[in-house]
Amino acid sequence: MTTPLLMFVILALPCYSAPGQINRFGLPVSAHSRDFYVRSPRDQVCASVNIDILEFTCCEGERHEGAGQSCCGKRSFNLIQASCCDGQLTPHVSQLVSDCCGSRAYDPLNQLCCDLQILTRTQPHSKCCGKELYNNDHQLCCGHIIKGRKVLTKMSRHHLCCGDHQFDPRSHCCCHITYPLNPQPLNASCCAPAIQKGPHPPPAQTVQNKIIAQSSPNCMPGEKPCGQSACFNPITERCCVNPTCLQGQSYSHDQTCCEGTLSHTPGHYHSASCGSKVYNPDIKTCCCGKLSNKVLGVNLCCGTTPYGVEDRRVLCCKQTLHHVVVDGYQCSPGGLLYRPSHEIVCGSQVHRSDPGKHCCGEETYYPQYEICCNGHKHHRLRNVSCCGWKAYDPSSGQMKCCAGTLYNLQVQDRLSGEAQCCGSVLMEAGSTQTCCSAPGLDLLYPTQPGFACCGHRYANASLWSCCAGVLHPRPEPHNTTKNVIPGPRLLPLGDLKTEVLCHSRVLVGTVESVSMNLNEWSITMVNAMYMQASRGHVSAVPSPHYVTLPDHCSFPELVPGNTYILVKNYFSDTIRFISDLSDDSYPLRSILTMC
Ligand SMILES: *[C@@H]1O[C@H](CO)[C@@H](O)[C@H](O)[C@H]1NC(C)=O
Ligand SMILES: *[C@@H]1O[C@H](CO)[C@@H](O)[C@H](O)[C@H]1NC(C)=O
Ligand SMILES: *[C@@H]1O[C@H](CO)[C@@H](O)[C@H](O)[C@H]1NC(C)=O
Ligand SMILES: *[C@@H]1O[C@H](CO)[C@@H](O)[C@H](O)[C@H]1NC(C)=O
């Protein structure tokens, strides 16, 4: 029983996994989302007008507010919040979990698409029968594909379809002679064993796969092949073979190979030469496949050019030889020539240096007066922080930063204390939306009674049970009138209430490993500390620190290497809140500034 159900689950949850800005860890997502993944960088020209790709998205020549959106025809959408089928948008169903039913999207976990109609799944393993649903276990889908199918309740587990009817093959046969098809008792003439068909047709001719043997030259006795066309005598000669073109050349023992190696130039690879050359190292120097006359002391290679270590007039940066006229030049880590006493290298740009000047992306900035957010500089006002590439003042309460996307709460008439994020999306007020999270992916769904999150999926809890982010079909519909109690959700730090974060004793630490022990998670943490920020109390905890989380099924998945805050309930040892700090570059500072 388990196997077919399991297979069904695998079929129902497509396995296309796309890592990207939205789904960093490459969770399995809908195969259709592949077409809508935003591939950066995007066009900066929209209908022959330049656009700022940090603010806008261009879809078939139409400009839309919002960076990094996906396109559905000329319209833009956020694939966390909508789906595109046949150029039509369906809101409230994420493209990452949806499938298309004609031009409408649906969630195959809780729904089925039968004959272009979206039906509610009533069983984890429901199937389509024409426009209806049926359940393989106790129902049959009989009838004609064109004239209409109908659902019959199986009279026994042996029953099979015969036209519009069902029959028991132990007592009846399906008579193919009469029409419409009809079950007949086994002793009826129609049920006599069919005339044996002629001999089986000859098996389809198997195409003989011609084995393409590595063509090797015919060599004299005592010789060995060298590449595909030459031979060499291993006693007196050696073989130079360039692996990229498989040409061989033999040479005598006082000679050696000059191989063209792959040299890396920024942006592209090129191979210096194909086919290694034979040369005498006493009179020639080989640099990257190029031969030069040998000069004593000149024994280093810079790309294809030989040079000497004592030559102070040249400097080799990333295989490019520079002639320098004054001292004090250096290579930057990116391979640019610059003078540290006068210049500063930011990315691929060399700028004049100045006391107090630092790099911000390709530009320079003054950290005293400016703040650098993802390579973009802004004036340093009081209390300023970064949100993506923008700067804002978190203490003002007017703005909310959701995973690098900044929202103006005043425009939306919202209070900062109530605003909650689901990944990079600001959730609607109230409880109309539910946020389901798996490591690295947060999806928003319209709240439905009887549904519960399972990782990033939102499933009808009477059909599916969930353990540690993995869905399991329920053999029997489950009575969900007992409310589904969700485990603690992974909250962004900014959504933890200050009375919780600041006034209780919280555990902050980096998860080193997670293992399961009799339905409990056993977690080892390193770099752990207890903190009560309002009192300024911080105490280090011996490393590793062991934490046990009861009921592993309801607990969100913790990723080794990520840093978390765990807030326990006062009187029991259970976890009340949990927050993943890994996206925060300065978690301790963020906690302390919130308190
Ligand atoms: C959830 O599943 C139950 C049990 O099959 C079904 O009756 C109900 O309609 C489903 N609810 C939704 C909203 O799909
Ligand atoms: C088939 O068998 C049933 C009883 O088993 C009998 O009543 C019926 O007459 C038989 N029919 C034929 C065509 O032999
Ligand atoms: C900066 O933040 C602190 C603490 O949140 C607050 O007291 C102060 O008024 C803020 N300053 C400005 C200029 O907003
Ligand atoms: C499901 O719950 C309802 C309401 O509590 C109850 O009336 C019903 O008998 C339950 N059904 C089953 C199968 O437990």
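Because the structure is a prediction, the values reported are computed rather than measured. Index from 1, following the sequence. Each ligand, and each atom within it, is numbered from 1 in the order the structure gives.
Within ligand 1, the atoms closer than 4.0 Å to a non-hydrogen atom of Asn460 are 1 (C), 2 (O), 3 (C), 8 (C), 10 (C), 11 (N), 12 (C), 14 (O), numbered from 1 in the order shown. For ligand 1 and Phe451, the ligand atoms under 4.0 Å from any heavy atom of the residue are 12 (C), 13 (C), 14 (O). Listed by atom number, the atoms of ligand 1 under 4.0 Å from Leu463 heavy atoms are 2 (O), 4 (C), 5 (O). Counting the atoms of ligand 1 from 1 in the order shown, those under 4.0 Å from a heavy atom of Gln448 are 13 (C). Close contacts between ligand 1 and Thr120 involve ligand atoms 9 (O), 10 (C), 12 (C), 14 (O) [criterion: under 4.0 Å to a heavy atom].
Considering Pro124, Ser462, Gly450 only, the shortest heavy-atom separation from atom 4 (C) of ligand 1 involves Ser462.
For the residue pair Ser513 / Thr524, a side-chain donor-acceptor distance below 3.5 Å is found, with atom types taken as modelled.
Between Arg457 and Asp107 a salt bridge is recorded (basic side-chain N to carboxylate O distance below 4.0 Å). Salt-bridge annotation for Asp495 and Lys400: present, with a side-chain N of the basic residue lying under 4.0 Å from a carboxylate O of the acidic one.
At least one side-chain heavy atom of Met525 sits less than 4.5 Å from a side-chain heavy atom of Leu507.
Checked against the 2.5 Å cut-off, the SG-SG distance between Cys162 and Cys142 does not fall under it.
Remark: aromatic rings of Phe36 and Phe77 are close, center separation under 6.0 Å.
At a heavy-atom distance under 4.0 Å, no atom of Gln111 approaches ligand 1.
Where the criterion is an N or O separation shorter than 3.5 Å, residue side chain and backbone included, Thr122 meets it with respect to ligand 1.
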